[in-house]
Amino acid sequence: MRYQRPKGTADILPGDSELWQFVESTARAIFRTYRYQEIRTPMFESYDVFSRTSGDTSDIVTKEMYDFMDKGDRHLALRPEGTAGVVRAFIENKLYGPETQKPYKVYYMGPMFRYERPQSGRQRQFHQIGVEAFGSDDPALDVEVIAMGMQLLNELGLHDLKLVINTLGDADTRENYRQALINFLEPHFDELSEDSQNRLHKNPLRVLDSKDPKDQEFVADAPSILDFLTSEARSHFDQVEATLTALGIDFTVDPDMVRGLDYYNHTIFEIMSNSKSLGEGYTTVLAGGRYNGLVEELGGPEMAGVGFGMGIERVVLLMKDAGVTLPELDQLDVYVVGITEDTSAMTLQLTEAVRQAGMTADRDYLGRKAKAQFKTANKQNARYTMTVGDVELENRTVNLKLMATGEEIIVPVDAVFADFNRVLSDFADEE
RNA sequence: GCGGUAGUGGUGAAGUGGUUAACACACCGGAUUGUGGUUCCGGCACGCGUGGGUUCGAUUCCCAUCUACCGCCCCA
């Protein structure tokens, strides 16, 4: 094969694209009810937008970014996630200004890029649907975002999910906890896994997340971030928990949960599935949290933010695994059969007439015999066939057949052109 | 970036160091003139991911490379 798609990319073909459209339209419908509006930002941004927001030590920045210099010697990067670009746009367009309602609520959907090893549910170009809400510190908004994510997954037919939440607290919380964690782990430095040794000073919270069984033994006794929360952080998180409970949303608190992006603080959450389609164990399909310093970090005013991102590839895998079925939308109403070459113009006219009446129609374009055309009509589950041969051409009629019963009638072509719906209802009345 | 498994037609797959690469599904055509199912008959890989090498000869052995999948890292 001469050409093949780049590693870690996928062609989404008919058969799958319907599922994608369903995911996207469901998301749009739900976001609308929550009053989130769509924002579309570029697929690439200045490299600094991402390095500044994701954190210099994050894996995304250090090894997963698709970055390049353009012909004008600008350092650009394909977006590895959606939030940074939205925040940049929020600031650049001065959406923090008094004329916009707060919280300012937007959603996006589109491709993201990360240079990494492909696996089930992980690609170099993948797609996310995400939401962001700016300008409110209210814990109820954290919960609204979580509830919206949950509802989205539920309406996509996914129910066997678990919601895990945690808090990273505010800046003081984090600094205190970071130090405590380093103090706790340092004496065991030599016993930690190599990965964790690297992580200890770079990003000690990561050690909590280690899958190495030996690391996990230490981690079990490590101090919990929940014991280091400032009173404000404590209060924020308590309200999140209380509000989730009030809404009847089940959740568990995992004090060891961390995020891949450095910009999060306060509430963070993940909605996970343990479906085998995504490999062993629980895999995150939707994740997010609060990022109160981010707007300021990119040069905007002090403005709170909270949001989530959902991986479409993963959701699609889960839906297939769960056997989610879509309503049949592409029913073929009429297949027009032409017997001879002379009928070609007429069959196309008839096909168009059906389409203009708002129904779906198709015909043969391979010059095949009547029998083969009927086979095709049958295979495609056509409700009706319309047959035109020399006789019909002569009489300006067509033979209309209801495939389910085999019943046929002869109707004038002009009736079809004038009002095909009428022709069908008359046909139905005769039965 | 590291480790492992795999790569034969549209699909699922069998196969061997040496004449025409099984079988099934799908698809196309036919079984007396313009009608759908079943059945029957026929057609359908100048080629065994790509590039080298070993050999008289390789799809089958070796090396490299690409891609997919799995695990690690990380993550949606």
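Sequence lines set the chain letters: A, B, ... in the order given, protein chains first and strands last, and positions in each chain run from 1.
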May I ask you to verify if any side-chain N or O of A/Arg368 is less than 4.0 angstrom from the OP1 or OP2 atom of B/C28?
yes
Before accepting this row, confirm whether a basic side-chain N of the pair A/Arg40/A/Glu38 lies closer than 4.0 Å to the acidic partner's carboxylate O.
yes
RNA chain B: A/Gly121 or A/Ala404, which has the more 5' nearest nucleotide?
A/Ala404
Compare the minimum distances between each of B/C73, B/C75, B/G29 and the side chain of A/Ala372, then state the nucleotide with the smallest one.
B/G29
Between A/Gln373 and B/U35, does any side-chain N or O lie under 4.0 Å from OP1 or OP2?
no
With both distances under 3.5 angstrom, what nucleotide forms a Watson-Crick or G-U wobble pair with B/G7?
B/C66
Are the charged groups of A/Arg290 and A/Asp137 less than 4.0 angstrom apart, N to O?
yes
Tell me which nucleotide, if any, is Watson-Crick or G-U wobble paired with B/C28 when both distances must be under 3.5 Å.
B/G42
Map A/Tyr115 and A/Ile312 onto RNA chain B by nearest heavy atom, then report which one ends up closer to the 5' terminus.
A/Tyr115
With P as the reference atom in both, quote the distance from B/U67 to B/G51 in angstrom, rounded to an integer.
16 Å
Pairwise P distance for B/G10 and B/C46, with rounding to whole Å:
9 Å
For B/C48, what is the paired nucleotide under Watson-Crick or G-U wobble rules, both distances under 3.5 Å?
none
For A/Arg35, is there an ion pair with A/Glu144 - N to carboxylate O distance below 4.0 angstrom?
no
Report yes or no: is there a donor-acceptor pair, N or O only, under 3.5 Å between the side chain of A/Gln4 and the base of B/A68?
no
Whole-Å distance, A/Arg117 CZ to B/C66 C1', equals 12 Å
May I ask you to say what A/Lys369 touches in the nucleic acid, namely base, sugar-phosphate or nothing, with a heavy-atom cut-off under 4.0 Å?
sugar-phosphate
Check every strand shown and say whether A/Val391 touches a base, only sugar-phosphate, or nothing at a heavy-atom separation below 4.0 Å.
base
Pairwise P distance for B/C28 and B/U38, with rounding to whole Å:
13 Å
Check: B/A76 base within 3.5 Å donor-acceptor of A/Arg114 side chain:
yes
Taking any heavy-atom pair under 4.0 Å as a contact, classify A/Leu286: base, sugar-phosphate, or nothing.
sugar-phosphate
Considering only side-chain heavy atoms of A/Ala287, which listed nucleotide, B/G1, B/A76, B/G36, is closest?
B/A76
Does the base of B/G34 carry an N or O that pairs as donor and acceptor with the side chain of A/Glu392 under 3.5 Å?
yes
Using a 4.0 Å heavy-atom cut-off, does A/Glu408 contact any base of the nucleic acid, only the sugar-phosphate backbone, or nothing at all?
base
Provide the distance between the two C1' atoms, one in B/C25 and one in B/A58, to the nearest whole Å.
30 Å
Using Watson-Crick geometry (N1-N3 plus N6-O4 or O6-N4) or G-U wobble (N1-O2, O6-N3), each under 3.5 Å, B/C72 is paired with B/G1
Do the side chain of A/Arg314 and the base of B/C75 come within less than 3.5 angstrom through a donor-acceptor pair of N or O atoms?
yes
P gap between B/U60 and B/G18, integer Å
12 Å
Span that lies between the P atom of B/G7 and that of B/C48, in whole angstrom:
14 Å
A/Tyr36/A/Tyr107 aromatic ring centres below 6.0 Å
no
Counting the atoms with a prime plus P, OP1 and OP2 as sugar-phosphate, which does A/Thr284 contact under 4.0 Å by heavy atoms, base, sugar-phosphate, or nothing?
sugar-phosphate
Take the protein atom CZ of A/Arg5 and the nucleotide atom C1' of B/C66, then report the distance between them rounded to whole Å.
13 Å
Test the A/Arg32-A/Tyr34 pair against the cation-pi criterion, namely NZ or CZ under 6.0 angstrom from the six-membered ring centroid and within 45° of the ring axis.
no
Would you measure the distance from the P atom in B/G12 across to the matching atom in B/G49 and give it in whole Å?
14 Å
Under 4.0 Å between a side-chain N or O of A/Lys371 and OP1 or OP2 of B/G36?
yes
Under a 3.5 Å cut-off for both distances, is B/A13 Watson-Crick or wobble paired, and to whom?
none
Same-atom distance (C1') from B/U8 to B/A24, integer angstrom:
15 Å
Find out whether the Lys NZ or Arg CZ of A/Arg124 is both under 6.0 angstrom from the six-membered ring centre of A/Tyr115 and within 45° of the ring's axis.
yes
Residue A/Phe374, side-chain atoms from C-beta onward, closest of B/C2, B/G36, B/C69:
B/G36
Select base, sugar-phosphate, or nothing to describe what A/Gly406 touches, counting heavy atoms under 4.0 Å on all strands.
base
Can you tell me if the side-chain N/O atoms of A/Lys375 get under 4.0 Å from OP1 or OP2 in B/U38?
no
Could you identify the nucleotide paired to B/U19, looking across every strand shown and requiring Watson-Crick or G-U wobble geometry with both distances under 3.5 Å?
none
Between the side chains of A/Arg79 and A/Glu45, is the shortest nitrogen-to-carboxylate-oxygen separation below 4.0 Å, so that they form an ion pair?
no
From the set B/C73, B/G71, B/G37, return the single nucleotide nearest to any side-chain atom of A/Arg122.
B/C73
Going by an N to O cut-off under 4.0 Å, is there a salt bridge joining A/Arg368 and A/Asp364?
yes
Check whether any side-chain nitrogen or oxygen of A/Lys379 sits under 4.0 Å from OP1 or OP2 of B/C27, and answer yes or no.
yes
If you look at every strand shown and take non-hydrogen atoms under 4.0 Å, does A/Gly8 touch a base, only sugar-phosphate, or nothing?
sugar-phosphate
